[in-house]
Structure formats: C-alpha cells, structure tokens
Number of protein chains: 2
Amino acid sequence: MAAVRHRRGDVVAKAVEVLDTYGLADLTMRRLASELDVRPSALYHHFTNKQYLLAAVADELLERSLKPVEDGPWDARLTAAATGLRESLLAWRDGAELVATVHAFGLGAEKVDDHVAVTLEDSGLNEALRRVVTRTVLHYVFGHATAEQTHLQAASAGALESGDDMSWGAGQEFTAGLALVVDGVRARVSTLA
Amino acid sequence: MAAVRHRRGDVVAKAVEVLDTYGLADLTMRRLASELDVRPSALYHHFTNKQYLLAAVADELLERSLKPVEDGPWDARLTAAATGLRESLLAWRDGAELVATVHAFGLGAEKVDDHVAVTLEDSGLNEALRRVVTRTVLHYVFGHATAEQTHLQAASAGALESGDDMSWGAGQEFTAGLALVVDGVRARVSTLA
DNA sequence: ACCTGAACACCGTTCAAGT
DNA sequence: ACCTGAACACCGTTCAAGT
C-alpha cells in the first residue's frame with residue numbers, strides 16, 4: 001500500500017486535531033495511526049510510547065496558545081499568568097486534564113512553571129517561597145480547569161442536571177479563588193517592605 | 001463451577017484491596033472479577049459501569065481514613081481539614097488521583113466538600129465566599145497530593161532521577177502553600193471585624 | 001528513515017441464559 | 001439475587017521484515 005511517510009511534527013499535529021475533535025479518551029495510538037493512514041506500530045518509530053506522545057501534544061498545545069505575560073506590578077502579572085494559563089488549557093478539548101497529567105508525570109509542560117515563576121522575580125520573595133507560590137498557583141489552575149472541563153463533558157454527555165451549575169459562572173469562581181491565593185502572597189510580600 | 005456469590009460491599013472491599021496493592025491502572029473490571037473468582041459480567045449486576053464502581057471505592061477510602069476535624073478557631077480547623085484530607089488521600093495507593101477524578105466527575109466523594117466547608121461556618125464569611133474557599137482548598141489539596149503520588153510512582157517505576165526531589169520534603173511544601181491560601185482567607189475575614 | 005504484518009496480552013460492556 | 005458463556009469492539013506494545 002502507499003507508504004504515507006510522516007515526520008514527528010506531522011504526527012503531533014494530527015494528534016492535536018484528534019484530541020480537540022474527539023477528546024482525550026479517543027486519542028489512542030490506533031485511532032491516531034488510522035487517521036494518519038498508517039499501522040499503529042509505525043507510531044513507535046516517532047515516540048517510544050504513548051506517554052511521550054502525550055507529552056509532545058501537551059507541549060504543542062501550550063506552544064500554540066500560551067501568551068507571555070505583559071509588564072506591570074508582580075501581583076497583576078501573577079494574576080495574568082494564572083488567568084492566561086487557564087484560558088490556554090480551556091482552549092482545547094480536555095486540555096486541562098492532558099497538561100496536568102503530563103506535568104505531574106514530569107515528561108513535559110515544564111514551560112508552565114516558568115510562565116508563572118517569572119512573574120514573581122521582582123516580588124522580593126526568596127526562591128523557596130517563589131517555588132511554593134508557583135506550585136500553589138499551578139495546582140489551583142490545573143485543579144480548577146480540570147474540574148471545569150470534566151464537569152462540562154460530564155454534562156454534555158449523559159445526564160445534564162442543571163441547578164448544579166454554580167450561580168456565579170466558573171470564570172468568576174476562578175477569579176475569586178485566585179484572588180485569595182494572590183492575597184496570601186501579598187501578605188508575605190508586605191512583611192518585607 | 002462453584003458460584004461464589006458476593007454482595008456489593010464485598011466487591012468494593014476487594015476493589016480497595018486491588019487498588020492499594022496493584023494501583024489504579026490494574027484496578028480493571030476483569031482483574032477485579034478474577035480476584036473475586038467470578039466472570040467480568042457478574043460485576044455489572046452490582047454496578048452499572050466502572051465509573052460507579054470507582055465512585056464507590058473512593059467513598060470507601062474516605063469513609064475508612066478521613067477523620068473529622070477537632071474543635072478550635074476556624075483557621076486551625078481549615079488547616080487541619082486540608083492536612084487530614086491530604087493524609088487520607090496519601091494513605092492509599094493512587095488515592096489522590098482516584099478521589100480527585102471521582103470528585104471532578106461528580107459521582108462521589110461529595111463528603112470532602114463538607115469536610116472542608118464546616119470549618120468555615122463560624123468564620124463570618126458569607127456563603128458564596130465559603131464556597132470559593134472550599135473549592136480553592138480542595139483544588140490545592142487534590143493537585144498537590146496527586147502530583148506527589150504520581151511523582152512517587154514515576155520515580156519508583158522507571159528512572160528515578162534524584163536532584164529533582166524538592167529539598168523541602170513534600171509535607172513542608174504542602175504546609176507552606178496551604179498557609180498561603182489560609183492567609184488569603186484571613187485577609188477577608190479580618191475586614192469583617 | 002519510516003513503514004507493514006502479525007502477534008501478544010490485554011480492555012469495558014452487553015445480553016441471553018442459567019440457578 | 002447473582003452468576004455464566006459468548007460475543008463485540010476495542011486497547012498499547014513488540015519485533016522481524018520490508019523499502
């Protein structure tokens with residue numbers, strides 16, 4: 001049969017397409033292979049296993065959608081970093097779950113750490129504290145976005161019980177919780193002044 | 001063959017055992033069935049699908065390990081609730097991931113909301129804010145515990161690169177990040193006085 | 001460098017039928 | 001009430017071999 005012949009980048013691009021169209025559960029090696037008109041085993045020429053493929057997909061999503069944070073005071077930048085990351089994750093079907101998993105596994109998505117960490121550079125906090133803040137914010141963003149996206153998909157498929165949707169809207173909920181964390185950071189920064 | 005005949009509770013108990021011994025990836029319907037000396041299809045008499053089984057397992061874990069928070073000022077209680085939840089999740093193999101997933105899907109683990117929420121009852125915060133705080137703390141605990149547990153299993157299996165382990169220890173990291181959030185809450189409570 | 005063919009060892013779920 | 005038997009439609013991964 002006509003050997004289609006792809007490069008690693010083609011495979012990642014198609015994987016992003018499959019993810020965004022059909023969801024993470026349908027992003028299987030076999031499904032991806034068939035979309036590329038190739039046998040499943042061919043994928044193992046490009047990636048040692050599925051985890052590495054997913055890591056590459058997560059990195060690609062972030063590369064495409066995560067914008068650098070603009071200048072300003074540290075608290076505005078920290079808030080913008082968290083908000084921008086959330087929007088970036090929500091921009092892709094199952095983006096939050098994918099990036100959070102890859103990040104937790106330590107195979108990719110390392111750029112999100114920097115994305116948040118750089119906003120604290122002129123906060124006056126020491127490095128250990130900056131790391132704690134960075135991780136706390138990341139856990140919050142990942143947790144909130146994953147729950148939001150999971151909840152949405154659970155509602156769209158299957159029984160969508162209204163009344164369970166927060167009267168606020170998830171965006172305002174997110175902002176309010178984030179402000180809580182930023183205030184906690186501010187309490188530490190102000191003791192340095 | 002000798003029909004073994006189990007009740008729903010037996011199935012859940014065995015599932016907890018399989019989870020804690022072999023991990024979430026090995027908690028399959030087929031594996032569980034074989035441990036119970038039963039055909040896979042028999043499980044569908046007790047649970048409509050795997051999601052519901054997992055929800056029951058998550059509830060069972062929490063039932064067995066999550067202790068109520070002792071009396072005291074609201075901030076000490078909030079801290080204790082979060083710390084107790086973290087310890088409860090870490091007490092079981094893949095406990096954090098399982099409970100977080102079930103919770104996000106809304107099929108179980110609802111008791112964790114109350115576990116945290118009750119500590120805020122005499123904080124003076126209004127209900128909307130108490131909900132924000134509760135969710136923020138839950139996201140933080142789930143995120144931190146899942147990352148910690150995933151990282152541990154990634155390190156135990158496969159390449160364990162040292163130097164990547166935080167110089168603090170995960171417990172102190174957790175405590176420091178939690179204090180951040182609690183300080184953020186305190187900033188709101190103090191404006192009420 | 002990239003792919004096929006064929007296999008291995010698995011999954012979740014359904015459903016008619018048995019006791 | 002609880003289980004079997006048999007099937008359906010899938011998984012990830014390996015590996016020798018082809019071009």
Side-chain angles (χ1 to χ4, degrees), chain A residues 1-16 18-19 21-58 94 97-98 101-102 105 107-108 150 153-154 157-159, chain B residues 1-16 18-19 21-58 94 97-98 101-102 105 107-108 150 153-154 157-159:
Chain A
M1 218 45 277
V4 191
R5 285 190 167 255
H6 307 87
R7 305 231 248 36
R8 196 188 142 101
D10 306 333
V11 178
V12 174
K14 183 62 83 177
V16 169
V18 172
L19 173 76
T21 311
Y22 306 104
L24 187 55
D26 284 336
L27 178 49
T28 68
M29 298 300 267
R30 299 181 101 103
R31 175 68 183 267
L32 177 58
S34 95
E35 297 273 345
L36 288 166
D37 214 1
V38 131
R39 298 309 117 197
S41 52
L43 298 178
Y44 292 85
H45 180 77
H46 302 286
F47 301 94
T48 60
N49 59 42
K50 192 182 179 181
Q51 292 292 343
Y52 282 86
L53 184 262
L54 293 180
V57 174
D94 295 332
E97 189 184 347
L98 173 63
T101 304
V102 166
F105 242 84
L107 289 176
T150 305
Q153 96 169 32
Chain B
M1 215 52 270
V4 191
R5 283 186 169 256
H6 307 89
R7 305 229 249 39
R8 196 187 143 102
D10 305 334
V11 178
V12 174
K14 183 62 84 176
V16 169
V18 171
L19 173 76
T21 310
Y22 305 104
L24 186 55
D26 284 336
L27 178 49
T28 66
M29 299 299 267
R30 299 181 101 104
R31 176 68 184 267
L32 177 57
S34 95
E35 296 273 343
L36 288 166
D37 214 0
V38 132
R39 300 308 117 199
S41 52
L43 297 178
Y44 291 84
H45 181 76
H46 301 285
F47 302 93
T48 60
N49 59 40
K50 192 182 177 181
Q51 292 292 344
Y52 283 84
L53 184 262
L54 292 180
V57 173
D94 295 330
E97 190 184 345
L98 173 64
T101 303
V102 165
F105 243 84
L107 290 176
T150 305
Q153 98 170 31

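So that the names make sense, note that chain A is the first sequence line, chain B the second, and so on, each numbered from 1. Because the structure is predicted, anything quoted here is derived from the model rather than measured.
- Nucleotides C:dA9 and D:dC10 place their P atoms 23 Å apart, quoted to the nearest Å.
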Protein within reach of the bases, or only the backbone? For nucleotides 10-19 of chain D, mark each nucleotide 5' to 3' as B, S or -, using heavy atoms under 4.0 Å.
-BBBBB---B
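- Taking atom P on both nucleotides, D:dC2 is separated from C:dA17 by 22 Å, rounded to a whole Å.
- OP1 or OP2 of D:dC3 lies within a sub-4.0 Å distance of a side-chain N or O belonging to B:His46.
- Looking at every heavy atom in both residues, B:Tyr22 comes nearest to B:Asp26 through O-OD2, 3.3 Å.
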Given A:Leu98 and A:Leu19, is the side-chain contact (heavy atoms from CB on, under 4.5 Å) satisfied, shown in steps?
CA-CA 10 Å; A:Leu98 173 63; A:Leu19 173 76; 3.8 Å; yes
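- With sequence neighbours excluded, the residues satisfying side chain to side chain contact (heavy atoms under 4.5 Å, CB included) with A:Arg7 are A:Asp10.
- Listed pair A:His6 / C:dC3 meets the phosphate criterion, a side-chain N or O lying under 4.0 Å from OP1 or OP2.
- A:Ala56 meets the side chain to side chain contact (heavy atoms under 4.5 Å, CB included) test with A:Arg8, A:Val12, A:Phe47; sequence neighbours excluded.
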Starting at the 5' end of DNA chain C, write a dot or bracket for each base, bracketing those in Watson-Crick or G-U wobble pairs whose two distances are under 3.5 Å and using | for partners on another strand.
||.|||||...|||||.||
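- By the side-chain hydrogen bond (donor to acceptor under 3.5 Å, both in side chains) test, B:Glu35 is found to be paired with B:Arg31, residues two or more places apart in sequence or in another chain being considered.
- Checked against side chain to side chain contact (heavy atoms under 4.5 Å, CB included), A:Ala15 has the following partners two or more places apart in sequence or in another chain: A:Leu27, A:Leu32, A:Leu53, A:Val57.
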